[in-house]
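Okay, so here's the structure we're looking at.
All chains are named by letter (A, B, ...) in the order of the sequence lines, taking the proteins before the strands, and each is independently numbered beginning at 1.
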Amino acid sequence: MDLQNLTDYERRRLENIRRNNEMVASLKLHSKAAALSEEAKRRRVESKSNKVSPKKKPKTQSPIVIRRSLRTRGLPPDFSSGNGHKNEFVESMMKGPKSPSTPEGSKSPSLPEGPLSIRDRVFLDKILGFSKESQLRSSDKCSADDEVDEKKPLDCLIKRESGGGVEGSVDLGSMTLNAENIARIMPGRIMNLRFFPCIDSTMIVAGDKSGHIGFWDVDCEKERDGVFLYQPHKDPVSGILIQEFSQSKIFTSCYGGSIQLMDAEKEVFDKIYSSERAILSLSQRPNYVNCLYFGEGNGGLNLWDMRAGKEPSSSWPLHEYRINTIDFNINNPNIMATSSSDTTACIWDLRKIDSDKPKTLKTVSHSRAVHSAYFSPSGSSLATTSVENKVGLLGGVNFEDLSMIYHENHTCRWISSFRAIWGWDDSYLFIGNMKRGVDIISTARRKTVMTLQSEHMSAIPCRFSAHPYKVGMLAGATAGGQIYMWKSC
DNA sequence: CGGCCCATTATTAAT
DNA sequence: ATTAATCCATGGGCCG
């Protein structure tokens, strides 16, 4: 752009952009200086081309949200009083500005960013309660000398009842959305959400575009008493993993390249891995509690055995572009499915993946990016979702039967891509639509057979989670930080 | 073709 | 009620 020909308006705009970048740098938001200036450069370019005027400071500057009365009334958070039951989430924001500022461009190799401590006793006790419950359950199920995989003898195996969680046909007609099962739990666009695998309570954790991790204890009578918000990340949250048999531990990953571990026993969020490249998906092989699988950069898949070292133990170039989801087959944890923006979804055998050119067991080709590939609860089918307006269904003894089901999957820029998820058995898939509904696809009839709608849904639900134990309990999340929880009654 | 620019869209906070 | 701000997704068009 020709600097001479700028209008005053544009000049001011550029000045603002510069200031913002400086501020971001001084906040030491998380990345290395080099990455930052790269980012800054890119943003400048972007802003120029995009005719946008970032007059305002980034959103993270203003105390956000809903939950506790302090914030609701727009008052500044108060950390001095000893009242334990109060808004905490701003703690994460307070960390930044207090640390010494780094001028843009200077070298600051590894920032001594401490863990983000969690002080909300109410929240901690809740999580620790779930954890205790889950440990009791797991001690029933766990047997020490189970069959062990030949390749990873290090891993502890926890026995599960075959088929995983629940088997059950859902009564679609009974699924309802009540006004009290709606909450806005975070400010940004929700990218990811998950039910705690908990029988006695209903707890949802979600991650949004600006790095927040929010918790909603649905059973609380008042919304503000059940919502807890933190901001351990500074970038979009790409994955959330609750440790099923130790629910006080939750892994989260983000586009900025970090993986954090929330540990309610240690009362912290702590960064445990950091990469130059974006982390775009995160998963865990069933029963292998010490291994993380995550998609990094353009098509890379990493396996990290956390006991073996600080870095991933293996890394394979499985795709050409980003890996959007990673999923494992409940019947055979050696079988893994990935979906990628390179327009394919692939099934892999982990025992045969150790080579420079890993070979797929099966490839589902779409004509556009594939945003999800999930195995069905029984493990015998795979459902893929692509922005080419199709949901792929792969079945048969060796996944040789492929059928494509038409579904409008195109979302606009502000709505996260749709991903068809499985319900509680192999009969239905649940996926959002642009008309503020939840389409239910019957796998037997290979078409949408019903749409959940409600006047209470004021926005498009785009990401979903089905409760692992409660048939009919389905949570949908929106671009505005809302969650709708349907349940069967 | 690959790499760039551009338009598109939904939701919410602010006016 | 209307408007402004959002800005890490994607396809199409247009250049070299």
Sorted by chain and residue number, the salt bridge (charged side-chain N to carboxylate O under 4.0 Å, His left out) partners of Arg446(A) (sequence neighbours excluded) come out as none
Does Arg322(A) put a side-chain nitrogen or oxygen below 4.0 Å from OP1 or OP2 of dC8(C)?
no
Apply salt bridge (charged side-chain N to carboxylate O under 4.0 Å, His left out) to Glu388(A) and list each qualifying residue two or more places apart in sequence or on a separate chain.
Lys390(A)
By salt bridge (charged side-chain N to carboxylate O under 4.0 Å, His left out), Asp342(A) pairs with (sequence neighbours left out) none
How does DNA chain B look in dot-bracket form if you count Watson-Crick and G-U pairs under 3.5 Å, write [ ] for pairs that cross, and put | where a base pairs with another strand?
||||||||.||||||
May I have the step-by-step check of side chain to side chain donor-acceptor pair (under 3.5 Å) for Thr252(A) and His233(A), ending in yes or no?
CA-CA 9 Å; Thr252(A) 56; His233(A) 295 283; 2.7 Å; yes
Rounded to the nearest angstrom, tell me the gap between atom CZ in Arg189(A) and atom C1' in dT9(B).
11 Å
In whole angstroms, how far is the P atom of dT10(C) from the NE2 atom of His366(A)?
14 Å
Taking CE from Met434(A) and C1' from dT8(B), how many angstroms apart are they, rounded to a whole number?
10 Å
Residue Ser341(A), side-chain heavy atoms: nucleotide from dT10(C), dC8(C), dT12(B) that is nearest:
dT10(C)
Span that lies between the C1' atom of dG11(C) and that of dT11(B), in whole angstrom
23 Å
Partners meeting salt bridge (charged side-chain N to carboxylate O under 4.0 Å, His left out) with Asp217(A) (sequence neighbours left out):
Lys126(A)
Once side chain to side chain contact (heavy atoms under 4.5 Å, CB included) is applied, do any residues pair with Lys359(A), and if so which ones, sequence neighbours excluded?
none
Which value, in whole Å, describes the distance between the P atoms of nucleotides dA13(B) and dA9(C)?
22 Å
Rounding to a whole Å, what distance do you find between Ile460(A):CD1 and dA10(B):P?
6 Å
Quick one: side chain to side chain donor-acceptor pair (under 3.5 Å) partners of Asn302(A), sequence neighbours excluded?
Glu296(A), Ser315(A)
Expressed in angstrom and rounded to an integer, what is the separation of Asn324(A) atom CG from dT10(C) atom P?
7 Å
May I ask you to check whether Phe375(A) and Phe328(A) place their ring centres under 6.0 Å from each other?
no
When rounded to whole Å, the CH2 to C1' distance for the pair Trp414(A) and dA4(C) reads 12 Å
Proximal nucleotide (of dC8(C), dT11(B), dA10(B)) relative to the Ala459(A) side chain
dT11(B)
When you get a sec, tell me which of dT6(C), dT10(C), dC8(C) is the closest nucleotide to the side chain of Asp235(A)?
dC8(C)
Side chain of Gln482(A) (C-beta onward), nearest among dA9(C), dA10(B), dT12(B)
dT12(B)
Residues Tyr484(A) and Arg436(A): side-chain donor-acceptor under 3.5 angstrom
no
Just N and O in the side chain of Tyr255(A): are any of them under 4.0 Å from OP1 or OP2 of dA9(C)?
yes
Under-3.5 Å N/O pairs linking protein and nucleotides 11-13 of chain C:
unit_1  : atom_1 : unit_2    : atom_2 : d
dG11(C) : OP1    : Arg368(A) : NE     : 2.8

Please report the distance separating the C1' of dT10(C) from the corresponding atom of dT12(B), rounded so that it comes out in whole Å.
23 Å
How many Å lie between CZ on Phe418(A) and P on dT9(B), as a whole number?
15 Å
Listed by chain and number, what are the side chain to side chain contact (heavy atoms under 4.5 Å, CB included) partners of Asp439(A), not counting sequence neighbours?
His407(A), Ile431(A), Asn433(A), Thr448(A), Thr451(A)
In whole angstroms, the gap separating P of dT9(B) from CD of Glu408(A) amounts to 14 Å
Is there a side-chain polar atom (N or O) of Arg436(A) under 4.0 Å from OP1 or OP2 of dT11(B)?
yes
